[in-house]
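No hydrogens, no waters, no symmetry mates; every other heavy atom, side chains included, goes into these values. Here the structure is a predicted model, which is why all the values come from computation and not from measurement. Chain A is the first sequence line, chain B the second, and so forth, proteins listed ahead of strands; every chain is numbered from 1.
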Number of protein chains: 2
Amino acid sequence: MPPASKAKSKKTKKKAATAARRSVEATARSHERTRSDHAREIAEDYVELIDDLIAECGEARAVDMAKRLGVTQVTVTKTIERLKKDGWVTSEPYRSVFLTDKGKELADYVRARHEMVLEFLLKLGVPRADAEADAEGIEHHISPRTLAAMKRYVEG
Amino acid sequence: MPPASKAKSKKTKKKAATAARRSVEATARSHERTRSDHAREIAEDYVELIDDLIAECGEARAVDMAKRLGVTQVTVTKTIERLKKDGWVTSEPYRSVFLTDKGKELADYVRARHEMVLEFLLKLGVPRADAEADAEGIEHHISPRTLAAMKRYVEG
DNA sequence: AGATAATTTTAGCACAAGCTATATTTTGTA
DNA sequence: TACAAAATATAGCTTGTGCTAAAATTATCT
Ligand SMILES: [Mn+2]
Ligand SMILES: [Mn+2]
Ligand SMILES: [Mn+2]
Ligand SMILES: [Mn+2]
């Protein structure tokens with residue numbers, strides 16, 4: 001038994017602070033939203049990249065995805081299996097990857113959002129290199145209402 | 001062997017598009033930055049939360065962290081072990097959690113950044129509920145330069 | 001066509017982050 | 001002080017995302 005000694009009887013000791021705080025439940029919901037954003041994030045980056053590669057190179061190969069993502073080709077191939085299972089892409093053994101209709105739809109939304117976030121950061125005065133790096137992470141946590149606010153700022 | 005048929009001989013077929021694109025290497029570096037942000041993200045949320053709980057409740061208990069994070073107490077306890085290993089916190093069996101100096105420093109930086117991101121979104125016109133949810137994810141991908149730009153916008 | 005190069009697959013590993021169920025310990029109260 | 005409730009720890013599982021090494025397949029070039 002380690003010595004306790006600190007913090008004397010804090011049963012009803014919660015809340016002595018003044019500033020009104022969000023409810024515990026609301027805080028939990030925000031963290032849950034962030035976790036679900038993360039669960040979707042790789043699918044979003046992959047479909048956007050696949051769509052880019054098809055447009056630029058005529059097809060999306062694992063080796064090219066790996067180069068742009070900074071991971072090994074093995075990682076790409078395994079992830080593609082999951083994306084297939086979830087209905088975002090199709091592919092045959094030893095062949096390149098294609099988007100399903102659902103995948104193409106996601107790619108279109110995700111690219112538009114990504115471009116908007118980048119334009120927004122640039123207009124805000126963030127240097128291009130930082131803006132591009134930050135946008136890659138930020139994009140996945142932008143709700144429709146935040147996206148709308150960014151659009152107003154960029155266009156207005 | 002599945003029928004290929006599509007995309008005829010694309011060896012040197014790369015780049016027919018017009019718009020200048022970032023280099024493959026720069027794209028990879030952005031994705032790598034995002035992945036390292038994610039690796040740090042849980043440590044950031046935990047130290048901020050631990051600091052909050054100590055201020056509000058006098059101590060940081062796993063059960064309260066679990067409620068605010070929306071995960072089970074088991075998950076919290078296991079994560080705390082990792083944070084301990086990485087030098088952010090200390091704790092004894094069956095006792096609450098404390099921040100190391102390094103942990104307190106991180107908490108201070110992270111809270112200031114989180115608050116700035118939230119204020120920024122609010123000033124941009126994002127409804128409070130969305131701003132709070134989005135900020136929870138966005139905060140971890142904000143570079144110092146983007147933070148500075150947000151500060152200028154909020155204060156200016 | 002055959003050799004070689006490039007690409008993809010397979011096998012096997014590691015770690016982070018989540019979970020449920022159950023045991024143990026601490027804490028509050030009768 | 002003992003009992004009950006609350007909190008924490010332990011055991012064991014799943015999934016996602018990364019890796020290296022080696023085998024299999026496809027593509028290119030002479
Ligand atoms: Mn993107
Ligand atoms: Mn991204
Ligand atoms: Mn957060
Ligand atoms: Mn994130």
TODO: Provide, to the nearest angstrom, the distance between the CG atom belonging to B:L69 and the P atom belonging to C:dC19.
DONE: 10 Å

- [ ] Please list all pairs passing the salt bridge (Lys or Arg N to Asp or Glu O under 4.0 Å) test where one or both residues lie in residues 112-129 of chain A, with sequence neighbours left out.
- [x] A:E44-A:R113, A:R128-A:E132

TODO: Identify which nucleotide among D:dT8, C:dT8, C:dA16 has an atom closest to any side-chain atom of B:K85, counting heavy atoms from C-beta outward.
DONE: C:dA16

Per-pair distances, 0.1 Å, donor-acceptor, side chain in residues 144-153 of chain B, under 3.5 Å, sequence neighbours excluded:
residue	atom	partner	partner atom	Å
B:T146	OG1	A:D134	OD2	2.6
B:T146	OG1	B:S143	OG	3.3

Open item on the list: Rounded to whole Å, how long is the line connecting atom NZ of A:K84 with atom C1' of C:dT8?
Closed with: 12 Å

TODO: Linking directly or through intermediates, with side-chain heavy atoms under 4.5 Å: list the remaining ILVMFWY members grouped with A:V24, chain and number order.
DONE: none

Task: d(CG, B:D86; C1', C:dA17) in whole Å - done: 14 Å

Task: Distance, rounded to the nearest Å, where A:W88 contributes CH2 and D:dG16 contributes P - done: 14 Å

Task: Length of the CD-C1' vector between A:E32 and C:dC19, whole Å - done: 14 Å

TODO: Could you tell me whether A:D64 and A:R68 make a salt bridge, using a distance below 4.0 angstrom between a side-chain N and a carboxylate O?
DONE: no

Open item on the list: My understanding is that only residues two or more places apart in sequence, or in another chain, count here; which of them pass salt bridge (Lys or Arg N to Asp or Glu O under 4.0 Å) with A:E81?
Closed with: A:K84

Task: Phosphate contact (C:dT7 OP1 or OP2) by A:R61 side-chain N/O below 4.0 Å - done: no

Open item on the list: Protein within reach of the bases, or only the backbone? For nucleotides 17-24 of chain D, mark each nucleotide 5' to 3' as B, S or -, using heavy atoms under 4.0 Å.
Closed with: BBBBB--B

TODO: Figure out the CD1/P separation between B:I80 and C:dA17, and round it to whole Å.
DONE: 12 Å

Task: Rounded distance (Å) that lies between atom C1' of C:dT7 and atom CD of A:E59 - done: 11 Å

Open item on the list: I need the CZ-P distance between B:R40 and C:dA16, as an integer number of Å.
Closed with: 15 Å

Task: Other ILVMFWY residues reachable from B:L118 by side-chain steps of under 4.5 Å - done: B:L122

